[in-house]
Chemist: 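Following this message is one structure expressed as structure tokens.
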Amino acid sequence: ISGAAVETALGSYPGFHTTTPPGRGAMYGAYTPAYVPQGVPAHTVVLSNGETEHVDPPAQTAPLEPAGVDNGTTSAGATASDTVRIPLGHLLGGRSGDKGGNANVGLWARDDAAWTWARDMLTSAALTALLPEAEGLRVTRAVLPNLRSLNFVIEGLLGEGVAYNARFDPQAKGVAEWVRSRYVDVPRHLVEAPETPKELA
């Protein structure tokens with residue numbers, strides 16, 4: 001079908017060209033993340049001597065609890081003179097990727113002060129404000145204090161997944177850097193270097 005369309009265009013429009021020739025049809029698959037009972041997949045371990053052993057699934061596990069309780073708060077009282085507007089990436093590192101049609105965005109702070117600010121200010125709603133394309137989508141936040149990090153899951157951002165190709169970045173690898181490029185108001189003391197004591201100058 002694509003070949004006939006391109007050939008028709010080539011014979012009809014002067015100067016028409018394509019960057020690549022039409023390709024053959026290919027299989028299309030959509031991946032949807034979901035939970036399955038532990039007994040469904042086969043649990044097998046391969047020993048050093050090449051033998052394999054079947055491992056029975058655990059008879060009792062902790063119940064799956066809903067995640068995403070967002071305890072972030074937006075502090076009031078800061079004035080324009082107390083803050084500076086800079087890219088979020090000046091304070092936070094980031095990494096992102098895909099899980100089916102959902103995007104995972106991890107952000108972490110380099111020190112305790114920046115972590116405290118990020119934990120309190122970067123709520124699910126705040127992330128949605130930084131990413132207009134996430135408007136209307138469910139955004140779940142997980143707080144990981146021992147890593148000074150936050151993880152956000154943006155459900156449906158990638159449509160039906162990589163094969164669906166809903167975005168220019170179908171695996172969401174650039175979403176974290178897109179978040180880090182956004183300008184935010186940050187307390188001035190987090191970005192200004194402390195003065196060097198005179199005796200050390």
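This one's a predicted model, so the numbers in the text were calculated from it and none came from an experiment.
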Chemist: On a heavy-atom basis, which atom in S124 and which in T140 lie closest, and how many Å separate them?
Modeler: OG-C, 4.2 Å
Chemist: Write down the atom of G94, the atom of A176, and the distance for their closest heavy-atom approach.
Modeler: C-CB, 3.8 Å
Chemist: Do V184 and T83 have side chains that approach each other closer than 4.5 Å (heavy atoms only, starting at C-beta)?
Modeler: no
Chemist: Do the non-hydrogen side-chain atoms of P145 and R119 ever get within less than 4.5 Å of each other?
Modeler: no
Chemist: Does NZ or CZ of R182 fall inside the cone over W178's six-membered ring, less than 6.0 Å from its centre and within 45° of the axis?
Modeler: yes
Chemist: Going by heavy atoms in the side chains, are L107 and R180 under 4.5 Å from each other?
Modeler: yes
Chemist: To check you understand the geometry: which heavy-atom pair defines the closest contact between H90 and R110, and what is its length?
Modeler: O-NH1, 3.7 Å
Chemist: Quick one: are D56 and H54 in side-chain contact, heavy atoms under 4.5 Å?
Modeler: yes
Chemist: Would you say the side-chain atoms of N151 and N104 include a donor-acceptor pair closer than 3.5 Å?
Modeler: yes
Chemist: Could you check whether any side-chain heavy atom of L47 comes within less than 4.5 Å of a side-chain heavy atom of T52, counting everything from C-beta outward?
Modeler: no
Chemist: Would you kindly confirm whether W117 and L147 end up in one hydrophobic cluster when ILVMFWY residues are joined by side chain heavy atoms under 4.5 Å apart?
Modeler: no
Chemist: Is the backbone of G156 close enough, under 3.5 Å, to the side chain of N102 for a donor and an acceptor to pair up by distance?
Modeler: yes
Chemist: Same cluster or not: are L92 and W115 linked, directly or through other Ile, Leu, Val, Met, Phe, Trp or Tyr residues, by side-chain heavy atoms under 4.5 angstrom apart?
Modeler: yes
Chemist: Decide yes or no for L91 and V186: does some side-chain heavy atom of the first lie under 4.5 Å from some side-chain heavy atom of the second?
Modeler: yes
Chemist: Under 3.5 Å, side chain of S149 to main-chain N/O of W108, donor-acceptor pair present?
Modeler: no
Chemist: If you compare all heavy atoms of P58 against all heavy atoms of T61, which two are closest, and at what distance to 0.1 Å?
Modeler: CG-CG2, 3.6 Å
Chemist: Set out, in order, the CA-CA distance, both residues' side-chain angles and the distance that settles side-chain contact (heavy atoms from CB on, under 4.5 Å) for L127 and R141, then state yes or no.
Modeler: CA-CA 10 Å; L127 185 83; R141 185 180 92 148; over 6 Å; no
Chemist: For L158 and G100, which heavy atoms make the closest approach, and how far apart are they?
Modeler: CD1-O, 3.8 Å
Chemist: I want to check something: taking the side chain as every heavy atom from C-beta on, are V84 and R188 in contact at a cut-off of under 4.5 Å?
Modeler: yes
Chemist: Please list, chain by chain and in numerical order, all residues satisfying salt bridge (Lys or Arg N to Asp or Glu O under 4.0 Å) with D169, sequence neighbours excluded.
Modeler: none
Chemist: Distance from T123 atom OG1 to L150 atom CG, nearest 0.5 Å?
Modeler: 10.0 Å
Chemist: Please tell me if the side chains of L88 and V179 come closer than 4.5 Å, counting only heavy atoms from C-beta onward.
Modeler: yes
